Each structure stands twice: as structure tokens, then as C-alpha cells.
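The structure presented is a predicted model; accordingly, all values stated were derived computationally and were not measured.
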Amino acid sequence: MTKKDKLLVLLGIVGFFLLNYPLLQIFNRDLLLLGVPTLTCYLFGIWILAIAGLWAFGRHLISKEQRVQSFYKE
Amino acid sequence: MLSPELVAVIAFGYLLLLFAIAYYGDRQRAKGRSVIANPYIYTLSLAVYCTAWTFFGSVGKAATQGATFLTIYLGPTLMAFFWWFVLRKLLRVCKDNNLTTMSDFLTLRYGKGALLGALVTVGVLLAVVPYIGLQLKSVSNTFNILAYHEVISPLTTPVYQDTAFYVALVLAVFGILFGARHLDPTERHEGMVAAVAFESLIKLLAFLAVGILVSYGIFQGWGEIFGGISRNPELRQLLSINTGTHDNYLLIMVQTILAMGAILFLPRQFHMAVVENTDEKHILTAMWLLPLYLLLINLFVMPIAFAGLLMGFPSSEADTFVLRIPLQSGHPYLALLTFIGGLSASTAMVAVSSITVSTMLLNSLVLPLAIRLNLQEHLPPHLLTIKRLGILLVIFFGFITYRLIGPSAMLVDMGLIAFCGVIQLAPAILGALYWREATKWGAIAGLGAGFLLWAYTLVLPYLIEAGMFPPGILEHGPLGLAIFKPTAFLGLNGLDHLSHAFFWSLFFNLAIFVSVSLLTAASPLEEEQARRFVGIFELEEGLPLERRYTYLPNLDQFTRFMEKFIGTQKAREARQTFLKQVELPEKDWGDREKLQLEAYVERTIAGSIGPAAARVIMDGYLSSLGSRMEGVFDLFGQVSSSLEESQQKLKRRVAELSVLYEAARTLTSTLYLPELIEGVLDLLVERLGVEKCSVRLLDEDGLLTIKSYRGLTRIAQILSTKPEINTLLGQCLLTPQVISVSDTSLMGRDRLEGLLEEETLASFVLAPITTETLALGVLTAASSQKGYFAREHVEFFQSLAGQLGAAVRSAQQVAHQIRNPVHAIGGFAHLLLKKLPEGADTRNYAEIIIKEAKRLEQMVREVIETSVIFIPREEEQDINQVVRGALGIIRSKIEEKQLDLKVELAEDLPPLTMDVGNMKRVILQLVANALDAMFFGGRLKLSTKRQNEMVEIKVEDNGKGIPPHMLPHIFDTFFSTKPSGPGLGLPIVHKIITQHRGQISIDSKLNVGTTVTIKLPATQEPAAVQH
């Protein structure tokens, strides 16, 4: 696990805070955004960001694994 | 309209399709073409997380509590950030140890005892069984809605008319067919995984179809649905959270944490993520694809729920909105698809859960119990039946709970009860992976407390509501003790049930787990496992041997043994796999490979019966063959096997280095080779606990002769041998290389020639003593334990033998480099003397040169001589004979000096055991010293005398004596009273006398004379000479 990889763990912790009180309070309003409640927009927005982050990290780690493997094959 | 028959036929047809897929998956696996070995199937199989609860319950929850249901799917998304670290580690540990359930994982980590596994199994069973009941309820309810447009309460239906009963039966058959068709040591069911993945796809598509219909077919997009809700003052609060205890921030946090735990610790998730994983790298895809799947399946939950409410359905029917909306709006076939989707969600969950829980039951409850009752002999043929019964039993229990408490609870509640139950495993499992000091009792106490409080504060209230316990407990506490009220434990009021139970159970679980772990000591076995689990990524290289068996069966015997547990076919496969792993044919196996085989067989059967049972059965099997386990006595003393690997290595290095250092010190403190060799052998015995060791040196005739030894008793058998290249001894000396034999029984007799029988009992090491150019001899170390000398010791013996070689070489170098110049000096001085005229002053100088040169030559000879030491040849001899013999040699010198020689030899001496040659040297040396000390006409007296069981030998002179300050150093090597003496005489004398268990003392007065007294013990028994 390199230093960079630990960032993934940090993102997870940040995500936990984003999805909990008190940050949730900011978006917990009686308001519609383009016809959708702000809270729903926020939760799904974070969700999509998390998936994008995980995807990027997954790609990074897969290519790293492959580099390591090809290194040993040579 | 849909008739009940049509629905039943479609449902049955769908299940048949699943069977076909599963069958295909199994067939492909048998052919070696796995259909599930790709990250997408892996992701879909993990989507078994979405059960009927997701499919129907989420909508129900959204219709009553708004967005809180999302926490159940956001939790796994958050957990995905930690998968690459936590899940991968869990995976690696389980694959390395062939672990197939969580209880096996914990059992193995915490010392292979049966208690912990049993506790985990009971807890998980309690948590999962109602969850299974919930799936049955869901299938039967949706079936009834579709077929009869109503939900039929099980309270009013007899069992044989209850749809859930038939659903349970079909699911049990499904579970047995694909989870227990045969015994599989890896407990992998690719066919089932393929079916589950297919179901995941179907349930997603079905749900999306309903969502699209509702959002865009019935309504004009989300705007209209959400707008409708926000305009309704009664429903408006569904758009936000924290409006009451049912959706406050605390509950959201608790549910998020529960979901984070559930995605890892639910038995079915563990099975899919860990046991059925084919490649670690699949995690990297699943970690974003599964959250995406969860997002998609939740995308339309709120629109469907709110649409249902806007369409006027009562919120109490919200659990079935997904079905009722298409039915109501005239899309019966979409409703049928939804039903199939829900059926997929339920069947997948029930199949996987029942299989995994039944494996846990078998491995952690049935087998340990059978062993306790001494029934293990009769078990193997029935393993498969027991597993099938287990599946049946788990589903049957689920059905019972559905009949008993099912009607009173909402779908979602049962799921959260299960989540809260399995999260109790989190401290013990995470502790197993990351905390070395976690102990068995810590895990048992923590888990026990956690499960107990979970059952008391969360399960009990439901049972009370279902009328199984008096309601007074809930209102006033048990026996009227309000402080123990299940929903307000220790007076904690104001929390919802779930947060309350979550807090108390996990609080006590964690606190007790940590404190008991810190207060109790782990057994060595546990510590070893802790080291292996926590350091799984560091331990790529092989461990040193830590135990061994007096006897181990061969591969054929082990294969037959495995057949009993996993069947002929699988046993043969396992055998092939092992042979591939070790890359050595069986005949070349050493202890390490045999031990590997033993561990491999244990792991393999552990896959079928669990580690606790496997350990006991393996021990029983081995002891029935007369084998027992013993720790390999660690070569380096107290280094406990439980220590961390790096620490252990460090200690070993320190022990080795200290021996090498001591050897180097001995080497620099003496050039006297016998002393050096003795010193090295002493170090081997004392510091490293080597049983038997010896040094053999080559003599001029090219024969290897034992010069010195420890622990050998039958030395007389072979004194000298010619080293032939086809023997190990010769190979070691002539190639030259260190040879380590861990099991002599695998060696041909002819290879061992030249070695003593007692050296070749079990294992030994041969190390060549060489200089850069010459082979000088062999250092041997032997043990009567097999495998005593591990490969890592080879290097050590090489260095030690190298030091000995260097010592021999430097002694020879000194001798050779001095000898030639000294010869030259003596020779030229002689010439000089002849050329000098008689009576010249300078003649005196020349004579001094000749004399001193002679002394030097004498010293050199002594060094060379002492480089070749003798093994004392013990024989019984008359000491008087030896004294006479010595005097015969030195007589001319005595006469030259015209000394007054007195010899008094007592005739009543007891026989002495001695090395005649060495004893002669002693007498000669002492007489020579006396001669040196005396001038013309001195008095020399030699006497022998009996003193009880001792013989006393005295050499007295009246020479110049030894200065008192020198007396204490008289036996030190290189110390000499004479200004130019070699200083080797008396130390050798001292050495020889102590070798003969004798004493030597010197009494001297300056200018009066010196008396040397030697006392030797008379022969008592034909004992070996002590070193």
C-alpha cells in the first residue's frame, strides 16, 4: 500500500461525514431543485461522486497491479 | 387477469431456468472453464445484498419515512472505499487457509477451539433465520397479491395451504441441489453463483421497468411526483429527514454503520465476496460497480413510493406498491415481471444464506459435538447428508419464524435486526485481521456480550409483541426491575429501538473484547495464527519449521484419508494440486515438504468440516498411526515459536553472531589449535544446544581423523577414514560445501560412510574446514531429531568452519614463515662460528645466535606440532613406564648438564587411563623446563606416589625459580618466564592434564627451586576422557 493508496481510506471517511449530521443538515430543506427535493439531489450527488472516485481509484490500482505483474514476468 | 395457475407455472418455470443456469455453471467449472471468473459476475453475485427487502421493503420505507432507506445502500458504498484493504486481507487469509465461513475464520484465528465457532454460529443463526422468514413472507405475499389480490395471513391458514410452505420447500431443494450436491473442500458453488448473478440482473431490470412505467407512463416525470407530494401537507414531511425518532440523524448514522458492516459480515456477503472470489483484482471493479448497481436499483424507489401514495394506496400497503401499481394501471405482465424480480431477490438470498449457515452449523456445531461424543469415526460417510439436513433445517426455522412473528413485523425491521446481529462480529473479525493482541477469550466474551444484549434489547421486544413473552417485561422491566427494561437498558431513554440496541450491544461487545484481550494471554497456537493473519501480506516467504511429527503418512495414505471427507475425485484433485505446489517428487521430500503436506491435508478437510474439527480429526488420525507432534526444539534456545517472525529472525541472528564472535575471540586469543577447536565445540554445545559435534582433520596420509568431539561415545569405531567423493563426507570436503541432511532415513547407507552411526540417527550438518586453497577437515554437528537443522543454519556452519580454517591457516603461516629464516640464521651462524678464530670474543656472540636460533626452531616445531592435535587415545598404562620412557629420551641432556638425578617411583600405583603420547610430552616438557632453570650440577628429582585414589607425580629442581608475580600467569598461552621463550610449553601441559581430569600445581621460590606437582585420578571405570 503506497502513500497515495491511503487516500482511498481518507475518501471513505470523508464520505461518511458527508452523509451524516451535521453536514446533512445543510441540505435537509423543504425545497425542490428542478422538481427533486434538495436532500435527494444531495444524497444521489454524493453517491455518484463516490462511484466516480472509486472507479478512478480502481483503474489506477488495476493498472498498477498489471505493471507489477508484467515487471515480474520480464 | 393472471390466474394462480399461470403465476405458479411461470414462477416454477423461472426456477427451472435458474436450475439450468446453475447446472451449466457447474458443468463449465468441471471442464475448467469458469463462467464466473470475471469481475462483472463477481459484482452481480455481490448484489445478493439486495433481497426482497430492497425490492419491496425500500418502497415501503420510503412511503413512510422518506429518504432514510438510502442509508442501507450508502453504507456499502462507503465500505467500498475500504474493500481493497479489508476485504482483500480477509480474502487472502481465507484463501491461504481454505476457510469457508466466518465461524471457521474466527475459530482458526483464535486458537482452533470449538467454543467460539459455536457461539458465532448460534448468533448468526439467530440473526439470519428471521431474515430468511422475511423472504418467505415476501414471496408468498406477492404471489397471493398477484393471484388472489390479497395478502393471506399465516395465522388463519393451515400450513399445507400456506404458499410460503411450498416456497420454502422449493427453495430448500434449490439450496441442496446447488449447495450440497457433492462435497467440495473449497465450498465453492459456481453454478449457484451464476444463477445468483442472473437473478441480480433480472431484479434490477424488473425494478427499473416498474420505475420507468411509474415515472413516465403513469406520471409525467419526477417533477410531477415530487411536486404532488410537496403540495400535500400530510405527505410533505417525507421530503426531508429528522422529523421524528423514526428518521432522525442518529438513526441515519446507526443504519449507515450497520449497512457498512452488513456488506462485509452477513454470511451470504462473506460467502460471495470471499469464498466464491476467483481473483483478488475483481474487488477493484466491484468496488465501483456494486455501488453503481445499488444506485440504479434505488433510483426509482422514491418515485414509486410517492406515486403509490399519490394514487391513493394506503401507506400500510407500501411494501407491495411495486406490484400493486402495475396491476392497478393495467399492466399485469409487468406485475408478473416484478413478481419474478422479487422472487429472484428472495431465492438468491435464501439459497446462499441457507448454504452458508448450514456449513457453519456443520463445521462449528455438529462436528465438534460429534468429536466430543467420540463419533468422528462414523461421520465421514454422512457429511453430505448432514449438510443437506442443515440447509433444510435453516429454511424450516425461517418458515417457523415467519409463521410466528412474521405477520407483526414489517419487512425492513427483520433486515435491520439481522444487520445489528451480524455487526457484533465486526470487533472480533477486524481484531483478527489487525490486532495481534486480540485473544480467544476476548473474542468469546465480547461476542457473547454483544449477542446477548442484541437479543435482549432488539429481538426480545419483537417476541413480546408477538405474544411469546409477557408484555410486562417491556413496560416495567423483568421482575419489575425498570433499570433492565429491554428498550431502556440502564435507564437509557429517548432512543429508537435500533439505535438503543446498536449502542448497548456494540458498546459492551467492544469494551469487553478489548479489555479481556488485554487481560488474558494468548496460547502459542493463537499467537502464531495472529502473526499469520495480521501479517498475511508480509509472510510471502516460508516459515522455519516449528513442529514436526515423529512419523508422517505418505501421500497415498493421506489421499485415502482425504477421500473419506471430500470424496475420491476431489481427493485426487487435491493430491495433484499439492504435487504441483511442492514441485518435487515424493522421494525427494524432506521434513519441510512432509509438514507442508500435513498442513495442506488439514486445510483441505477443514474446507469440508471446519478447522476445529479438522485439527482434532487430524490429530486422531496421526496418533492412530503412532505419530505424535513435537515442537522442533529451537536450535537457538528460548526463541518461542509464537514470536513475531522478524523478531525471531533477529534473535536467531544474534545467537549465531554471538557464537561467531566468541569463536573469533578464541581464535585471536590462541594460536593453539586444539584449544580453539575445543572452544568452538564448547560453544556449539553450550550456546546452541547441539547434541553431538566433532572436528575431523586431514592428516598427512590423506585420512580424516576425529580430532575432537562432544557427545559422541562410540568414537573408537571409526577413527580414520579416507574421504571418497561418493560419500557425503568426501563430497563436503572435496567440493567443498556445507551439507545439511534433515532426515537420514532418506539417505543411502553408502552415502553416510565414514560417519559414526550415532551421528547419522536423524539429521546432521557437515561443514568443510578449508583455507583458500586447502581442504583441512570437516566440522560435523548431529542431532537425534529429524529436521533439527533448518536450511537457515547452513550459512552459520559455513562461517564457523571458515573461522576454523582461518585459524589453522594462520598457525601454519606463522610457523612456515618463521621456520625458513630461522633455519637460515642458524645455518649461517654455524658457518660464522667455523670461520672465526678460536678464542675470539665474537665466537661468543655467534654461539648465542646459534643457541637462540635453536630455541626459535624449537618453538616453530612446537607450533606446527600442536597444529595437529591428537584425539587422546585412552589406554591403561603404568605411569612409571611413561616416566622412564620420557627420561630415556632426555637422558643425554641431563648428562650433558651433569645433574644429580633422583628418580623415586612407587611400585603400588593403581592403573591410570591416559594417552601415553601426550603424557610423555608432559613429562618431557616439565623436565626440559627444569633443565633450562638449572645450571651445572643442579639437583633434579622425579617421583611418583599413590595418594588414595590419585597418583601424584612430582618434578623438583633447585634452579633459579619463578618470580612470584609471574606464577599466576604461568599457564597462559604465550606467557613465558624466559625472555625469549615460546610460552607454549606449560599451557599445553595444563591442557593435557585437565583432559585427563588431573590437576597441576607449581610451587616455586626464587633462587631456591621449583616443584611441579601433578595429580591424576586412578582408573575407576572405562570412562571416556573428559574434555
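- Within 6.0 Å of CZ in A:Phe17 there are 12 or fewer heavy atoms belonging to other residues, nucleotides or ligands.
- Shown here are the side-chain contact (heavy atoms from CB on, under 4.5 Å) partners of B:Thr285, two or more places apart in sequence or in another chain: A:Ile62, B:Pro39, B:Tyr40, B:Trp288, B:Leu289.
- Residues B:Ile252 and A:Leu19 approach most closely at CG2-O, 4.1 Å, considering heavy atoms.
- Residues B:Thr256 and A:Phe16 are in side-chain contact: their nearest non-hydrogen atoms beyond the backbone lie under 4.5 Å apart.
- Inter-residue side-chain proximity for B:Asn298 and A:Trp47 is flagged as met; some heavy-atom pair is nearer than 4.5 Å.
- Interface check for chain B: of the options A:Asn20, A:Leu8, A:Leu39, the most heavy-atom pairs under 4.5 Å are formed by A:Leu8.
- Contact annotation for residues 67-81 of chain B against chain A (heavy-atom separation below 4.5 Å, listed by residue number): B:Ala67, B:Leu70, B:Tyr73, B:Leu74, B:Thr77, B:Leu78, B:Ala80, B:Phe81.
- Distance check: B:Leu239 CG to A:Arg29 CZ gives 15.0 Å after rounding to the nearest 0.5 Å.
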Inset, instruction - For the pair A:Asn28 and B:Tyr249, evaluate side chain to side chain contact (heavy atoms under 4.5 Å, CB included) and give the outcome as yes or no after the intermediate values. - result: CA-CA 11 Å; A:Asn28 189 19; B:Tyr249 290 127; 3.1 Å; yes
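- When each of B:Leu284, B:Ile257, B:Leu250 is scored by its heavy-atom pairs under 4.5 Å with chain A, the top score falls to B:Leu284.
- For B:Trp84, the part sitting under 4.5 Å from any heavy atom of chain A is the side chain, from C-beta outward, and nothing else.
- Looking at heavy atoms from C-beta onward, B:Leu292 lies out of side-chain contact with A:Leu54 at the 4.5 angstrom threshold.
- Considering only heavy-atom pairs separated by less than 4.5 Å from chain B, the leading option among A:Leu10, A:Leu24, A:Ile13, A:Leu43 is A:Leu24.
- For a residue to count as touching a neighbouring chain, one of its non-hydrogen atoms must lie under 4.5 Å from one of that chain's; by this rule B:Ile283 does not touch chain A.
- At least one side-chain heavy atom of A:Phe44 sits less than 4.5 Å from a side-chain heavy atom of B:Leu299.
- In this structure, the portions of A:Ile48 lying under 4.5 Å from any heavy atom of chain B include both its backbone and its side chain.
- Proximity to chain A (any heavy atom under 4.5 Å) is shown, for B:Ser240, by both the backbone and the side chain.
- For chain B, no part of A:Phe27 is nearby; none of its heavy atoms comes within less than 4.5 Å.
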